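Accompanying notes for the structure given below.
Atoms within each ligand, like the ligands themselves, are counted from 1 in listed order. What you see below is based on every heavy atom in this structure, not just the backbone, and it leaves out hydrogens, waters and symmetry mates. No experiment lies behind these values; they were computed from the predicted model shown.
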Amino acid sequence: MLRSRPKNVSFTNLLKKSSGLKRSFAKKLVPMDGNTATSAIAYKMSDNIFLFPITPATPMSENTDIWNSKGIKNVYDSVPDVILMQSEGGAAGALHGACVSGCLPTTFTASQGLLLMIPNMYRISGEFWPTVFHVSARVVGRNGLSIYGDQSDVMGVRATGFAILCSGTVQECNDFALLSHLSAFKSGGPFLHFFDGFRTSHEISSIENFTDEELKKFIDWKALEKHRKRALNPENPYCLGTVQQTDLGFQGIESYNEKYNAIPGIVENYMKQIGELTGRKYHLFDYVGHPDAEHLIIMMGSGTQPAEELIKKFVKEENRKIGLIKVRLFRPFSKKHLLEAIPDSVKRIAVLDKCKESGSIGEPLYLDVCCGLQEMGVKIIGGRYGVHGKEFTPSMVQAVFDNLKKKTPKNNFTVGINDDVTFTSLEMGEPIDIMPKGTQQCVFWGIGSDGTVGANKNAIKIIVDNTDLYGQGHFAYSAHKSGGVTISHLRFGPKPINASYEITNADYIACHCTPWVNKFDLLKPAKQNSIFLLNSPYNTVEELEKFLTNEKKREIAQKNLKFYNINASKIAVDAGLSGRINMIMQTAFFKLSQVIEEKEAIELLKKAIEKQYKIKGKTVIEKNCNAVDQTIENIVEISYPREKWLNLKDSAVEEIDESLPDYYYDIIKPVSNLQANDIPVSKFPFCGYLPSSTSKYDKRGIALTVPEWNSDKCVQCNLCSFVCPSSAIRPFLLTKSEVENAPNGYQTLRASGVKAKDANEKSLDYKIQVSPYDCTGCNTCVVNCPTKALEMRPLQEVAQKEQEFWDYSINMDANKKKASFKTGNIKGSQFLQPLIEFPGACAGCNETPVVKLITQLFGEQMMIANSTGCSCVWGGTIPSNPWTTNEKGHGPSWGQSLFEDTAEYGLGMAKSTNTRREKLKKLVEKAIKDKQGNEINYEIMETLQLWVNNFNDREKSYEYGEQVKDMILGEKNYKDNKFLKQIMQQKDMLAKKTQWIIGGDGWANDIGFSGVDHVLASGENLNILVLDTEAYSNTGGQASKSTPRSTVAKFTASGKNTKKKDLGSMAMTYGDVYVASISLNANPKQAVKALIEAEAYDGVSLIIAYTPCIAHGIKGGMGNSSEVNKLALESGYTTLFRFNPNNAKINKPVFTLDSKKPKEVLDKFIKKQNRFDSLKFTYPEQAKIKLSQLQKDIVKKYNNYDRMAKSEKLNKKKK
Ligand SMILES: Cc1ncc(C[n+]2csc(CCOP(=O)(O)OP(=O)(O)O)c2C)c(N)n1
Ligand code: SF4
Ligand code: SF4
């Protein structure tokens, strides 16, 4: 029977109007994700919330910040304090202080963040405070960092003394969040409540939640009173955190035993109470399955869902004697309760852990179970699943039971991968469909930022709010910051949906991005006779016959798909929606899937449009409603020649290109085709090693339009190349023969400002060339071209020709070989090879051009210690490595440690390089000194001496080092000479290195500040580059201490109250640190100058680069960021300067102000960005006050710098 539910339950209301919290919770099903379900309870049950953002836990923090800004109260009738800290370590420290002072604090975190809390977790449990940490469990960084979910972080803190409760569904997130707070209060001790990151944290599901009154009834108010009475203060003075000796400590720790022994009973009791109210019955260990089960799985988290559903099916249909134990309370581990839950009939048990503990005899849950069930005398084996967020499906559950059935089941196994090295993996069968009858399963393939995911979330809301159906949504993303693949998995059905895995049997598949249809295996999950909707310009079967591959046509025919096409892009353009197709594809889904009756669906969609775009005005609403109507009329059913398509042969097999590295075929290709799950263990490079120069193989072709060069208008300034975030447009110099051999239509110009190196070449030619499939279509080059010599043209029209030209250009000799030119300026720098190319940043990103310029100037000897943040995503996402090399194979080396320790990591690199180089120098000096006995030829000796003389000269040490290497290699028996042999063993240290430490403002100002400060004071010769986006861009734009006053960011919903931290001024107080503030787009000349000075400075240099980002909401898109940069400079919002301690030695001003007096254009600057402008609509009063304070901050800052500059000049005069 369908479950009836009141209408008009709105998730948006819950979030936006906070109605789910403000009004009492009603007994209704509402669609929400695991993070929201958890944070809603945490907010209600806490006095204060201490935060630091980390994926996938960040939405919990953001929710509480929004509720706080709207004045929503907790169950204690006050608005909880929401406090953003500088790191998770800081959050845990502050939370500890709040506990001690009698409050009920909470926090949300994951992964590295949780690990940073460990020291405080021990202290909190040692003092036994009632707090709850909610954890969206995520992989801990090992051979690489990953944002996806496994339970390695939680297992890493299992020894801290926190009680640990695990939720496996979104509903459980709500129930167990409550359970953990109630039990913490009652027991007086700390709890960690966790659920699987992304899988549960981001899954949207229909759940029931609690009313305020219900929450209040559960609370043990006496226990709270007791806690508050423990509060440490002058009215209640005592001492905590004492120093203890050997005589006391051991007994002290044992004195807690009774407290821990009581916890299982407390949790069990609350489970009972919750069950009585809601009908949802939980136990510490929940058993499902056959009453006489012989084979049993024990596990916790979201993986219990497919296990439970499959077991139920097999027990019901085949009376199989199998079962499952779902572990709820992992710590304290109650052996008694576990034994009680297991049927006596059980003979074999497989314990599944969602983590890998290298070097251990087994994973944590397995070890606990083995220990707990020693006396039971059954066979217990352990295995790993779902590590690093890998899928866990019914067929994997089946594989585990198949293994248990074997005579000698495999122990320490893995399921879900192919381990062809140590052979741990289990064999898996075909996908199994266990969804309840009537469930509709739909998969949508979109392109990052096209609105598909948002539209699907909206669709779930519409369906769940307006029908009796249950809904579920899961969203998968590829790693690129923009232009990547998004896959939305939506399920709707009359029965609750317990399926924590992606869809393998789809009723409806939609491809929103035309090229994806041929590129990916997207019809694999399509059921027989299901629906396939394609967005493409091809509305006729003839066009589609030409466009689709034979394999795809055959698959459509084999599965007898109902095939529809819609030219959504055209409808969007005609409706004035600038190509945004999300509403159109959503409408098509409602029409074709018939989840809701068509007429009603259209009405609901239009209502949703009105609500969504109310703030944008009537015209936008009308445009969208018009697009809805147009969609209905323009869906075309394709009646394809089925018999013909069934018999189509495969397209020609792609030939192996011998010039490509194995890494391409083993890793890059399967990853870019989304087939990486099938890569066997043997193909994996050790330690997460990623070879250089692989981004060029990952041709994505995500631009709709790309620039075309008009040689007649070009003035050869190279600005287009200078500003391009992708290194996708470059100037090339050509010799006469290169021009002669160029492909047809390849335009060139006589080059100006450069001199041919070969005396036979009278002059060189010049060409600007784009790489069409690497361009992101951001428009930045076009906007910056002073003579309009570039014009954006549709990719499809020009791609073939431009690709041919690019291939020709990129394979010619390097500009540097053919011509001499000055490199320390805008134009010359761009003739140098960028040693970062095609990074996966957002279109129009301002971070990448700065780093690209640095690689052009110094990249051949550059060592990078990179922080976590956007730069590690666009610069270090496997398998696409944008860092590349020169013709000798030399280029930037790149390493990332963690978010918090980048400065220290870089200092370690620099120190170690110095140590190794000094050693080499000593060796060479010894060889030179030992002239008689060393038998080294004279020329080598002379060059070695030159090398020693130029040991600290970056360019010369490279030049002489290369000569030394060539000469030694020219000596046949050099290995017989002990010096030469040793020099060659350390040849990588001949060239002086230039050490760079790169990270964002969040790193430099907040979590990594103490390290940055330490390095600033170190006197080491290295360079720190801060990419100042004035927010935590990578995690979605939360405020950092670099965020200026009045900015609307995440955690500053009502405009930031405090001013931007002036890191530059702080650094200048050291006196011996080179400091510069630059803005590449606004003053490129000054930026080049500063970078060259900084690199040359023999000491620490700090460069703060203003880098606007998508998080700023620049109106009209990132292509307009140049204008924003310029307005920022003119208005005084950014102040450019250089502080060069070297100048003191030559009696020049140390401080140079490179900004002019601010003009009154701040208003214009503000209007261009939603991060400021939106405050006027959301909090108009606050906007007035804060924006005028921002103006004052700017004037004050400029005046300070101006005073510094003037006083410098005065001092010089006096001298
Ligand atoms: C210990 C820890 N806490 C939190 C995170 C999550 N995290 C990753 S990047 C990032 C923000 C980076 O911001 P910023 O340094 O300003 O660099 P941007 O992304 O803006 O370039 C955060 C919070 C983490 N990786 N590690
Ligand atoms: S459109 Fe953007 S990515 Fe493409 S070449 Fe121009 S600046 Fe580079
Ligand atoms: S800094 Fe901003 S624009 Fe650049 S990659 Fe990050 S989010 Fe995108």
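The heavy-atom pair separating Ser727 from Trp806 by the smallest distance is O-CH2, 4.3 Å. Heavy-atom minimum distance, Trp1003 versus Ile998: CZ3-C, 4.3 Å. Contact between Asp153 and Asp150 at its shortest, heavy atoms only, is OD1-O, 3.7 Å. What you find for Cys720 and Ile729 is that their closest heavy atoms are O-CG2, 3.6 Å. In this structure, Ser721 and Gln830 approach most closely via the heavy-atom pair OG-OE1, 2.7 Å.
Ring centers of Phe108 and Phe50: at least 6.0 Å apart, outside the cut-off. Ring to ring, Tyr808 and Tyr746 are close: their centroids are under 6.0 angstrom apart.
Protein N/O/S atoms closer than 2.8 Å to atom 4 (Fe) of ligand 2: Cys775 SG. Within the sub-2.8 Å shell of atom 2 (Fe) of ligand 3, the protein contributes these N/O/S atoms: Cys1109 SG.
Here the side chain of Ser726 pairs no donor or acceptor atom with the backbone of Ala728 at under 3.5 angstrom.
At a heavy-atom distance under 4.0 Å, only side-chain atoms of Glu847, from C-beta outward, approach ligand 1. With a 4.0 Å cut-off on non-hydrogen atoms, Trp1003 touches ligand 1 through its backbone as well as its side chain. In Ala1031, the part holding a heavy atom less than 4.0 Å from any atom of ligand 1 is the backbone. Residue contacts with ligand 1 for Ile54 involve both N, CA, C or O and side-chain atoms from C-beta outward (heavy atoms, distance under 4.0 Å). Residue-level proximity to ligand 1 for Thr1029 is carried by the side chain, the only part with a heavy atom below 4.0 angstrom. Residue Pro725 touches ligand 2 through its side chain alone, judged by heavy-atom distances below 4.0 Å.
Inspection of the Ser1040 and Asn1005 side chains reveals no N or O donor paired with an N or O acceptor under 3.5 Å. No side-chain donor-acceptor contact under 3.5 Å links His202 and Asp33.
For Lys1061 and Phe1009, the positive end sits near the middle of the six-membered ring, less than 6.0 Å away and at most 45° from its axis. Cation-pi geometry between Lys696 and Phe838 is not met: the NZ or CZ atom fails to fall both under 6.0 Å from the ring centre and inside 45° of the normal.
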Could you tabulate the donor-acceptor pairs under 3.5 Å formed by side-chain atoms of residues 109-118, not counting sequence neighbours?
{"residue": "Ser111", "atom": "OG", "partner": "Arg138", "partner atom": "NE", "Å": "3.4"}
{"residue": "Ser111", "atom": "OG", "partner": "Val139", "partner atom": "O", "Å": "2.6"}
{"residue": "Gln112", "atom": "OE1", "partner": "Gly141", "partner atom": "N", "Å": "2.5"}

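Within the structure, ligand 1 has Leu116 among the residues with a heavy atom less than 4.0 angstrom away. Ligand 2 does not have Cys720 within reach: every non-hydrogen atom of the residue lies 4.0 Å or more from it.
Each of the atoms 4 (C), 5 (C), 6 (C), 23 (C) of ligand 1 lies under 4.0 Å from some heavy atom of Pro53. Atom numbering of ligand 1 starts at 1 in the shown order; those under 4.0 Å from a heavy atom of Gly1002 are 14 (P), 15 (O), 16 (O). Set against the non-hydrogen atoms of Phe52, the atoms of ligand 1 under 4.0 Å away are 3 (N), 4 (C). Counting the atoms of ligand 3 from 1 in the order shown, those under 4.0 Å from a heavy atom of Trp874 are 5 (S). Residue-ligand proximity, Cys870 to ligand 1, at heavy-atom distances under 4.0 Å covers atoms 18 (P), 19 (O), 21 (O).
Comment: Glu837 does not engage Lys852 in a salt bridge, judged by the lack of any side-chain N to carboxylate O separation of less than 4.0 angstrom. Taking 4.0 Å as the cut-off between side-chain N and carboxylate O, Lys1115 and Asp1173 count as a salt-bridged pair. In summary, Asp1028 and Lys1060 engage in a salt bridge, as defined by a charged side-chain N under 4.0 Å from a carboxylate O.
Inclusion of Ser1033 in the set of residues having an N or O under 3.5 Å from an N or O of ligand 1 is warranted. In terms of N/O distances under 3.5 Å, ligand 1 is approached by Glu88. Between Asn1034 and ligand 1, at least one pair of N/O atoms sits closer than 3.5 Å. Of the N or O atoms in Gly999, none lie within a sub-3.5 Å distance of an N or O in ligand 1.
With sequence neighbours excluded, no residue forms a salt bridge (charged side-chain N to carboxylate O under 4.0 Å, His left out) with Lys1126.
Evaluated by nearest non-hydrogen atom to atom 8 (C) of ligand 1, the leading choice among Thr58, Leu145, Thr868 is Thr868.
The aromatic rings of Tyr148 and Phe198 lie tilted to each other, with the angle between the two planes from 30° to 60°.
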